[in-house]
Amino acid sequence: MGFYKKKYDVIVIGAGHAGCESALSAARMGCSVLMLTIDLDKIGAMPCSPSIGGSAKGQLVKEIDALGGEMAKVSDKTAIQYKTLNTKRGPAVHSTRTHNDKIRYHIVMKSVLENQPGIDIKQTMVEKLVVENSHIKGIIDRTGYGYMADTVVVAAGTFLNGLVHIGSTHFHAGRAGEFASLSLPQHLKELGFELGRMKTGTPPRLDKKTIDFTQFIEQKADENPTPFSMFTQIPPLQQVSSYMGHTNERSRQIVIDNLDKSPLYSGVIKGVSARYCPSFEDKAVRFPDRTSHHVILEAEGIDTDEIYASGLGNSLPVEIQMEFIRSVEGLEHVEVMRPAYAIEYDYVNPIQLAPTLETKLISGLFLAGQINGTSGYEEAAAQGLWAGINAACKVQKRPPFILDRSQAYMAVLTDDLITRGTREPYRMFTSRAEYRLMLREDNADLRLSEIGHELGLISDDKIREIRDRRASISSEMDRLRTTVLKPTRDVNVYLEKIGTNLIDNGIYLDQLLKRAEVTYEDIEKLSGSPASVNESIAKQVGIEIKYEGYIKRQLEEIKKFQNLERIRMPEDFDYASVHGLSNELKEKLARIRPVSLGQASRIDGMTPSAISVIMIMLKKGAAL
């Protein structure tokens, strides 16, 4: 067995969205990085939906960008449609989604990685990890050749024991047309990791030339979209439309009549499916009274005729798929370029991870992405950034990078995984974040860029720009709080015009802005700012003023939350000796080993009385 003469600080296994962010963050922090991938032509691939962001996922992308990650930048360079979701609701749930040219996304991301100093990229398949005395030392590939490193990030996606299903046919693949990794998951089991099985899938790709788009409703891109990244000025690509249609009762009946041919319902597939992104077989069975379901057609890119058919995902035999797809109005004569399929894969139970995403079993080994039981490009990228930063911190002997649930969606994601684990593909939702009013898309840079700068991922020039923005927001808020609007005739005429109460006495501008009918634009017309206020600052000021009461209440909740987070749990705490805890809780606490009382409080089944008992034991042990 031979080893490459160069030793690396960090090895990243996998070049999907998690692997890309891991490699880039570690290299930008000054580490020497080796990225290993089964196929160099699939770096940053979008194997399923050609989109980035969406509800709660958009918040993750903005946070990645604010910390110095790459996903938002590449998304802007390849976006062919922008949509802001949930605009009829409050700003806490506004989320950006881009529809992307998937081939361009891969090409741009690959170029970024190839031009990043400190990264070597090689095509190979990893079969084993080199471990000595519970410390990672490197990896061995399928040729028997080895590479050494101080830390390793495994970001293997769906490739661990990947098994594709189309009807009764099944074959090993990480994705259709790509090799699966069979030896590495077996090796992880031998090292003592607990592995489970999950299932996901992807819908068919259709030939654009054979679709009757007149039977679908056109959905145009947003006008004057706001870019995903704070580094983007103007998105470069032309914007295209997507199209919405519906299945019908015949579509459902075709699937119901052929459920015995679906590996999902014939018992062949053992992996747990994502309940929030069901296949059409699941929809047909779970919602028997629904006569139709949405079908969304999205171009896979500007220079291709492939159309992604969201809503038609299934694992039926190809001949049944054809009949099912052609039952949709507008698709009667469609040609299927790539059939839909389901895929099963192994994942590692994430409660075996520390808050840094380092494994508890092996020092220096980090896991990121779908190997931790998550679904989605955005969840993977967030974990990749988190793990890459922490791998670099470990090598450089810096304090670990850990955010809490009040600071970021990615912290909610990480905390949920390591505290509660997951038995189904984990997807981020705004409802998972208790402090979502504070974790908005619009303030991600204000929340996190200082941390990114400290890590060396945000430049001095950019942080000065963000500090100037923060100062401008503060200055304008001070002006609104100290400026009185007098009840002149012109003022009251305007107030009547916008449908709000007239004023008899002077009123501070911030109090007027709190009214539901009044916007910041109205305030500017009534009492223009002496300084020029751009749209971004105006939006931030409007939110901070209008939601001031709710924000103050949430800040009080965060203070209580942080008090529990500050109470650290000793690593050797003997939960078995704590009287008053159920055996189930003792077992969970001993297994998860929470780092704080706050984390302990979020373990499934934990009660206020159990927390009180633990606090008493901590006080007795002088841990407080």
Short side-chain to backbone donor-acceptor contact, W386 and A411, under 3.5 Å: no
K83 atom NZ, neighbour heavy-atom count above 12 within 6.0 Å: yes
Salt-bridge present (R338, E306; N to O < 4.0 Å): yes
Nearest heavy-atom neighbours spanning V153 and A387: CG1-CB, 4.1 Å
Cation-pi check, R420 onto Y426 ring (under 6.0 Å, within 45° of axis): no
CG (D460) with more than 12 external heavy atoms under 6.0 Å: yes
Residue Q233 excluded, over 12 heavy atoms near CD under 6.0 Å: no
Between Q59 and S95, a side-chain donor and acceptor under 3.5 Å: yes
Test log, rule side chain to side chain contact (heavy atoms under 4.5 Å, CB included), inputs I80 and Q238: CA-CA 6 Å; I80 54 179; Q238 68 185 70; 5.6 Å; no
Any pair counted as salt bridge (charged side-chain N to carboxylate O under 4.0 Å, His left out), so long as it reaches residues 369-380, sequence neighbours left out: K57-E378, K57-E379
Y347 side chain to P425 backbone, donor-acceptor under 3.5 Å: no
Least distance between heavy atoms, E281 atom then L264 atom: CB-CD2, 4.4 Å
Within-4.5 Å side-chain heavy-atom neighbours: S363 and E358: yes
Under-4.0 Å salt bridge between E335 and K209: no
Ionic contact status for R28 with E70, cut-off 4.0 Å: yes
Candidate pair E298 and S310, rule side-chain hydrogen bond (donor to acceptor under 3.5 Å, both in side chains), full reasoning: CA-CA 8 Å; E298 295 181 298; S310 176; 5.8 Å; no
Short side-chain to backbone donor-acceptor contact, K397 and K394, under 3.5 Å: no
T158 side chain to Q370 side chain, donor-acceptor N/O pair below 3.5 angstrom: no
Heavy-atom closest contact (L439 atom, Y409 atom, distance): O-CE1, 3.2 Å
Beyond-backbone contact of F171 with V164, side-chain heavy atoms, under 4.5 angstrom: yes
D65 and F228, any side-chain heavy atoms less than 4.5 Å apart: no
Any donor-acceptor pair under 3.5 Å from E344 side chain to K270 backbone: yes
Residue from I13, L184, V130 passing side chain to side chain contact (heavy atoms under 4.5 Å, CB included) with I139: I13
Parallel, tilted or perpendicular, as decided by the 30° and 60° cut-offs, for the rings of Y145 and Y4: perpendicular
Q321 side, atom CD; L312 side, atom CG - distance, nearest 0.5 Å: 9.5 Å
D303/R104 ion pair, N-O < 4.0 Å: yes
E300 side chain vs R205 backbone, donor-acceptor pair below 3.5 Å: no
Closest contact, heavy atoms only, P204 versus G313: CD-N, 4.4 Å
Test item: side-chain donor near acceptor, N161 and H172, under 3.5 Å: no
Side-chain donor or acceptor of N314 paired with backbone N/O of F280 under 3.5 Å: no
Note: D150-K7 ion pair, threshold 4.0 Å (strictly below): yes
Pairwise ring pair (Phe, Tyr, Trp, His ring centres under 6.0 Å) hits with a residue in residues 47-78, at least two apart: none
Minimum heavy-atom distance P185-L195, with the two atoms named: O-CD2, 3.6 Å
Basic-acidic side-chain contact under 4.0 Å: D416, R405: yes
From CA spacing to verdict: side chain to side chain contact (heavy atoms under 4.5 Å, CB included), R423, V272: CA-CA 7 Å; R423 295 180 181 176; V272 181; 5.7 Å; no
Ring-face cation of K102 near Y308 (centre distance under 6.0 Å, axis angle within 45°): no
Under 3.5 Å donor-acceptor, S596 side chain and Q599 backbone: yes
Residues, nucleotides or ligands: over 12 heavy atoms within 6.0 Å of F179 CZ: no
Check: R97/S51 side-chain N/O donor and acceptor closer than 3.5 Å: yes
Pair listing, salt bridge (charged side-chain N to carboxylate O under 4.0 Å, His left out) test, anchored in residues 153-181, at least two apart: R175-E178
Audit row: I451, F401, side chain to side chain contact (heavy atoms under 4.5 Å, CB included) steps and yes/no: CA-CA 9 Å; I451 298 172; F401 166 76; 3.9 Å; yes
Side chains of T98 and N100, donor plus acceptor under 3.5 Å: yes
Residue pairs passing the ring pair (Phe, Tyr, Trp, His ring centres under 6.0 Å) test where at least one lies in residues 96-144, sequence neighbours excluded: H17-Y105
Close side-chain approach of Y377 and P47, heavy atoms under 4.5 Å: yes
Side-chain (T232) to main-chain (I234) donor-acceptor, under 3.5 angstrom: no
Worked check of side chain to side chain contact (heavy atoms under 4.5 Å, CB included) between D346 and R197: CA-CA 5 Å; D346 288 348; R197 198 84 169 139; 2.8 Å; yes
Which residues share a side-chain contact (heavy atoms from CB on, under 4.5 Å) with S32, sequence neighbours left out: Y8, D9
Side-chain donor-acceptor contact under 3.5 Å, N372 with T374: no
Stepwise side-chain hydrogen bond (donor to acceptor under 3.5 Å, both in side chains) test for T124 and D141: CA-CA 7 Å; T124 190; D141 70 13; 3.0 Å; yes
Donor + acceptor pair across side chains of T356, N390 (<3.5 Å): no
Pairwise side-chain contact, M410 with I64, heavy-atom cut-off 4.5 Å (strictly under): yes
Check: T419/D415 side-chain N/O donor and acceptor closer than 3.5 Å: yes
More than 12 heavy atoms of other groups within 6.0 Å of R142 CZ: no
Where at least one partner belongs to residues 131-140, residue pairs that pass salt bridge (charged side-chain N to carboxylate O under 4.0 Å, His left out), sequence neighbours excluded: none
Side-chain (K77) to main-chain (P235) donor-acceptor, under 3.5 angstrom: no
Heavy-atom side-chain contact between M125 and S183 under 4.5 Å: no
Heavy-atom pair of closest approach, residues A15 and C20: O-SG, 3.5 Å
